[in-house]
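Proteins come first, then strands; the chains are lettered A, B, ... in the order of their sequence lines, and each starts at number 1.
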Amino acid sequence: MTSNRIMTVSRAISEAIAQEMRADPNVFVMGEDIGAYGGIFGATTGLLGEFGESRIRDTPISETAFIGAGVGAAMAGMRPIVELMFVDFFGVCMDAIYNLAAKNIYFSGGNCKVPLVIMTATGGGYSDAGQHSQTLHATFAHLPGLKVVAPSNAYDAKGLMTAAIRDDGPVLFMFHKGLQGLAWMASPEGAATELPEKSYALPFGEAKIVRPGKDVTVVAISMMVHHAMDAAKALEKEGIDAEVIDLRTLVPLDRKTVIQSVAKTGHLVVVDEDYRSFGLTSEIITSVVEENPSYLKSPPRRLAVPDVPIPYSRPMEQFVLPDAIDIASAIRGTLGKAA
Amino acid sequence: MTSNRIMTVSRAISEAIAQEMRADPNVFVMGEDIGAYGGIFGATTGLLGEFGESRIRDTPISETAFIGAGVGAAMAGMRPIVELMFVDFFGVCMDAIYNLAAKNIYFSGGNCKVPLVIMTATGGGYSDAGQHSQTLHATFAHLPGLKVVAPSNAYDAKGLMTAAIRDDGPVLFMFHKGLQGLAWMASPEGAATELPEKSYALPFGEAKIVRPGKDVTVVAISMMVHHAMDAAKALEKEGIDAEVIDLRTLVPLDRKTVIQSVAKTGHLVVVDEDYRSFGLTSEIITSVVEENPSYLKSPPRRLAVPDVPIPYSRPMEQFVLPDAIDIASAIRGTLGKAA
Amino acid sequence: MPSKSQFLWMYEAMEKARYYEDTIAAVYMEGKHPKFDIGAGPLPGEMHLAAGQEPCAAAVCVHLRWDDTVTATHRPHHAAIAKGVDLKKMTAEIFGKKAGLGGGRGGHMHLLDPAVNFVCSGIIAEGAGPAVGAALAAKLRGTDAVAVSYVGDGAANQGGFHEALNLAGVWKLPVVFVIEDNAWGISVPKSKSTAVKDNSVRAAGYAMPGFHVADNDTLKLFDVAGEAIERARKGGGPTLIEVETYRYYGHFQGDAESYRPKGEVAALKANDPIARFRKTMIETGIATSAEADAVLSRARAAVDEAFAFARAAAYPAPEEALAHVFA
Amino acid sequence: MPSKSQFLWMYEAMEKARYYEDTIAAVYMEGKHPKFDIGAGPLPGEMHLAAGQEPCAAAVCVHLRWDDTVTATHRPHHAAIAKGVDLKKMTAEIFGKKAGLGGGRGGHMHLLDPAVNFVCSGIIAEGAGPAVGAALAAKLRGTDAVAVSYVGDGAANQGGFHEALNLAGVWKLPVVFVIEDNAWGISVPKSKSTAVKDNSVRAAGYAMPGFHVADNDTLKLFDVAGEAIERARKGGGPTLIEVETYRYYGHFQGDAESYRPKGEVAALKANDPIARFRKTMIETGIATSAEADAVLSRARAAVDEAFAFARAAAYPAPEEALAHVFA
Ligand SMILES: Cc1ncc(C[n+]2csc(CCOP(=O)(O)OP(=O)(O)O)c2C)c(N)n1
Ligand SMILES: Cc1ncc(C[n+]2csc(CCOP(=O)(O)OP(=O)(O)O)c2C)c(N)n1
Ligand SMILES: [Mg+2]
Ligand SMILES: [Mg+2]
């Protein structure tokens, strides 16, 4: 096979897992419908066939037990990957995630390792309503002890999943359903990328400037990176040159890249598919003004879900989710142009 | 009894509950050790004696079931109050709180009511370690559908609890252990206040300027209000006149009062006992700069737990929790004085 | 043995639910050709259909009153219909219309109808606690209302379900827990998710009677559920019932079901519970096939009417998304 | 019947645990006079002592190896001692010292010792899933290590515990679940929290054997636990054991116990399990009282040494709070 393989995010994730499983017998996967079904969002497609039922384990609908079991297995020297089918389901198992997986390293003063990957699907836009469409980035990034990853494309997804599996601590890997490249759900161009066959790891905490620009800084993550890029392209013909930053990881958070960009552009728009208040958008804006409020030549704008549950009906859901048009007018706003 | 009764926060809460229970037979209480024990932190002291076991119900250690039952009873026309003993335990029952209690009104398009109060204990400072010392303000304020209350004193606690019980939607009432005025845990002067005997409700979403000042705005909530007041008093003799704002409720959030204050003072310090990143501190700072970055004459400061679990050992715990000394030096910092 | 009116009521509820699901299955594909896109068409999002599971709804809800509570699952249509949820508003909700039960905010997994005390949810076993709470409310108020909590066989391994069983058991509340065992939790067979063959044995762990109803048998369930609900009304406490039932469609529409043994569904359909029920009803002379046909066409007409209403209804304005977050 | 060395091992583990708890109870009050302040003194915070529950630890852990895993509760000292956790580091942790197991970060509810695969937790039933995971790890690696999950009688109503039982049952994993039934969940008696009298009946819901050990009987538990652990090692799957045990102290130190019937504790102490065990050991001629006394003083000396070490040890620097959040 040649090196220019265009692959989907779901294939990138399953390939990263497969390569680590071949390299390390301690790696195994648990979750609901991750075996014969291949994961509802395709993250484990093909793994059962290669690795068999003992390493690719369908579980009961018992998230507290199997995530807790993941922690126990990890502390016993394994490197489990567990899938929480939708991030929306965290409420039935959050203790195992935030009080157990995330804190045992600290409680042990670094004497224990917890090499656990929790992967989970995020995002809306396809009318799955309020318990199946959330992203909840800040819900996890706010709490200490978890690294939190949310890639926007296949290349990053493979490298970050590989790094997550190799990490000796717990990593929450948030993949967006709409980026997976599923046959049954639309996904943006640019989510699927050329994918090196060889295994590689990407560092956590390094944001990527996906479009350099001088007029305004647009900070996004996951699906919103694609909308931000569309907005930036659309604004080119208006003579607006936007710099778009893909954070890639929420914890650790690369504040430096954002601050340097705003120091240069003087204007800031932050886009997040999560709820607006107490979220990623305010964390980014605050990180800039903590450094120097005068970097901002105009009020920063934040685009996010306006603190309402995700509605089912298409017109209402599309209204609450930020898109390229919203981003473009927010950018114009920061530059004092008519939205 | 005369009107100048100095009462503790725990007494204020139990009095508000008792008065509403007398007025409305639909009000009842469920939780662990809320009966004979009177609530581990005294919020239900005396209620079993007056109202009996059918309305003051000790539960099994089954938070998902009894909070879910609270929602079911509320939708059936009752007005339940459920106690989650420590907010740290939310992980075993968050689905019942954020996906069920918080969203059913929305899912029903306003056709259902969910008059449920969830009260829970927050806060550290007494070496109870990482699973019994958190505040988690932002964890709840970030998610839509819950009103979130965190009083700093007895007068507010009674009025806000009364309002919470009368509200037709779910309210999370977060009381700080260190403010309860328990015989066995130190609490600051000023937490216990004069308490009107008659029943009264306070509105949600109205912050209180607990100390007017002109030089710098200090925004705090719950326990941190007392540390902020101590810092403000200490700075008087340095000629610094700090305005201290007690937010009182996180949802709804009174941004207006904060913005007006910063517009006047030009300097901002936000203090929170919750984790720093993706939290209350950045939400407050962002609310100001969204309005107008130039209100800030100096970089805003945030004081909060530095994104680590709450450590057990006293020197480490005291180090991570903001106190009056930290606040005072942050204030000096914003005014360009040596910390 | 059900009365004639109960027979006909159950028959109508089952035929209505069956036709409802088959109609949805067809409409669901509108706008999803040639390329299937879950977000496209008049019925976007996940769609979980209960065709084959009608007995679980009809043979239980026939014993219920409007003031009894039902908490259903992510596969709720048959139960909603049997509980008497407004069919037009329910269908409008599934179409995402303003005239829907929730003004289009909830969709098919979030059908809430306070008029008949029906709720459902997209989270496994989330309804168990609320059912216990509704039963507690009845007890505190001294009414004899009861609550029925539906869960699937997969949900029987979710911790919150056990907490609810214990709470109902220790408080002796009028709750009937009904496990709809359709043998699958998405792609995972019961044998791979559940340590016991029969969940009714778990009742003993909560000091309540447990019953197993084999073979999707409407009449058997009618008896078992009737006794359980009667016991609950009389203060006799909770009951756990597991019903062996059938899932005709995939877990959700669009499910390729590669995990499912070939011929399984055909075999189930050859033993269709509604057909068997109708046969018994007629052969035992309880109703004539003419009477049955009249009921059947009335049921289908009601469904057609509800779909026509829902299609014709208006979408909400985008900004309405901001309303009704708080009471 | 235990061998002489097993007898003496259990006796030592129990006396050590008893003396450990009694010592903590005394030290806990230092700095809390005249006014009790939970945050004051060398041992601040909540303190849950297990005096009276020693058989649950000794009679189970006597069958374990270092590579077996134990997940204990918020009341962990007796189990930690029986599992062989480093007594000095454990005590230093409880004193919040840098030399502690976690450098003072965890305290008494968070004693983690990877050297003997011991963990505990402050969240009810949180250890059940991890025990299943440790057992799964052993199975995947083909070792015959087992895991023991301790929970209290109150914890037996927490959903996650049931999920873990089912998962261990369906995967036939080498886990032994031990319920320490001390009759109370803080102030709530078992009868008010639990629908059944005896949690061992719940084992049938997970296709595993269930046993009830009455009256805090060390020797009975030795047999039952021995068989269960043996079965687990041989691939026979999980077991659920409930032990009727005693809580001598309050739920935590400082608990006024107004909810507790007068004289309950005195009656329990009159039937002290360690005294009974020692009596049997001597009367049956397994050991002389001189031998027993030697063991007893060795046990107490080890505890005294650990406390001396912990007191003398240094506190961590404040900034060390920032270390070890991540691997
Ligand atoms: C807590 C939780 N975990 C997982 C899911 C995803 N999920 C939705 S339906 C389903 C299978 C449910 O199986 P069962 O309870 O048997 O109901 P059925 O679909 O067969 O009617 C799963 C795993 C969920 N909605 N909630
Ligand atoms: C999920 C959760 N809920 C509640 C608590 C508070 N709590 C700590 S110990 C305890 C009682 C536990 O009773 P039991 O399981 O019988 O153990 P015991 O204390 O009797 O040893 C409770 C309710 C907790 N730590 N975690
Ligand atoms: Mg099923
Ligand atoms: Mg107990």
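Contacts between N166(C) and chain B at a heavy-atom distance below 4.5 Å involve the side chain alone, from C-beta outward. For L140(C), the part sitting under 4.5 Å from any heavy atom of chain B is the side chain, from C-beta outward, and nothing else. Only the side chain of V170(C) comes within contact range of chain B, with at least one heavy atom under 4.5 Å from a heavy atom of that chain. Only the backbone of A323(C) comes within contact range of chain B, with heavy atoms under 4.5 Å apart. For L146(B), the part lying under 4.5 angstrom from a heavy atom of chain C is the backbone only. For K147(B), the parts sitting under 4.5 Å from any heavy atom of chain C are the backbone and the side chain alike. Only the side chain of V251(B) comes within less than 4.5 Å of a heavy atom in chain C; its backbone stays farther off.
A 4.5 Å side-chain heavy-atom check between V60(C) and V176(C) finds every atom pair outside the cut-off.
The closest side-chain donor-acceptor pair between Y20(C) and H78(C), if any, does not fall under 3.5 angstrom. R166(B) and S199(B) are linked by a side-chain donor-acceptor pair at a separation below 3.5 angstrom, with hydrogens and angles left out of the test.
The only option from Y98(B), F90(B), F173(B) that meets the ring-ring contact (aromatic ring centres under 6.0 Å, His included) definition with F140(B) turns out to be F90(B).
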*For side-chain hydrogen bond (donor to acceptor under 3.5 Å, both in side chains), just list the numbers for T249(B) and D254(B), CA-CA rounded to whole Å, side-chain angles, deciding distance to a tenth of an Å, and then say yes or no.*
CA-CA 8 Å; T249(B) 67; D254(B) 183 359; over 6 Å; no
_Test side chain to side chain contact (heavy atoms under 4.5 Å, CB included) on D113(C) and K83(C); report intermediate values, then the result._
CA-CA 10 Å; D113(C) 189 349; K83(C) 187 59 169 72; over 6 Å; no
*asked:* If you apply the rule side-chain hydrogen bond (donor to acceptor under 3.5 Å, both in side chains), what do you find for Q131(B) with D88(B), and how did you get there?
replied: CA-CA 6 Å; Q131(B) 292 179 335; D88(B) 310 67; over 6 Å; no
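Residues of residues 15-28 of chain B placed with any heavy atom under 4.5 Å of a heavy atom in chain C are listed by number as N26(B), F28(B).
Between H48(C) and H74(C), the two ring planes are perpendicular [angle over 60°; tilted spans 30° to 60°].
The greatest number of non-hydrogen atom pairs below 4.5 Å with chain C, out of L100(B), N111(B), V71(B), is found for L100(B). Heavy-atom pairs under 4.5 Å with chain B peak, among G106(C), A327(C), S121(C), at A327(C). Chain C forms more heavy-atom pairs under 4.5 Å with one residue of A102(B), G70(B), A74(B), A76(B) than with any other, namely A76(B). Ranked by heavy-atom pairs under 4.5 Å with chain C, the list P60(B), G169(B), G145(B) is led by G145(B).
Residues H132(B) and F89(B) bring their aromatic ring centres within 6.0 Å.
The cationic group of K97(C) lies under 6.0 Å from the six-membered ring centre of Y315(C) and within 45° of the ring axis, placing it in a cation-pi geometry.
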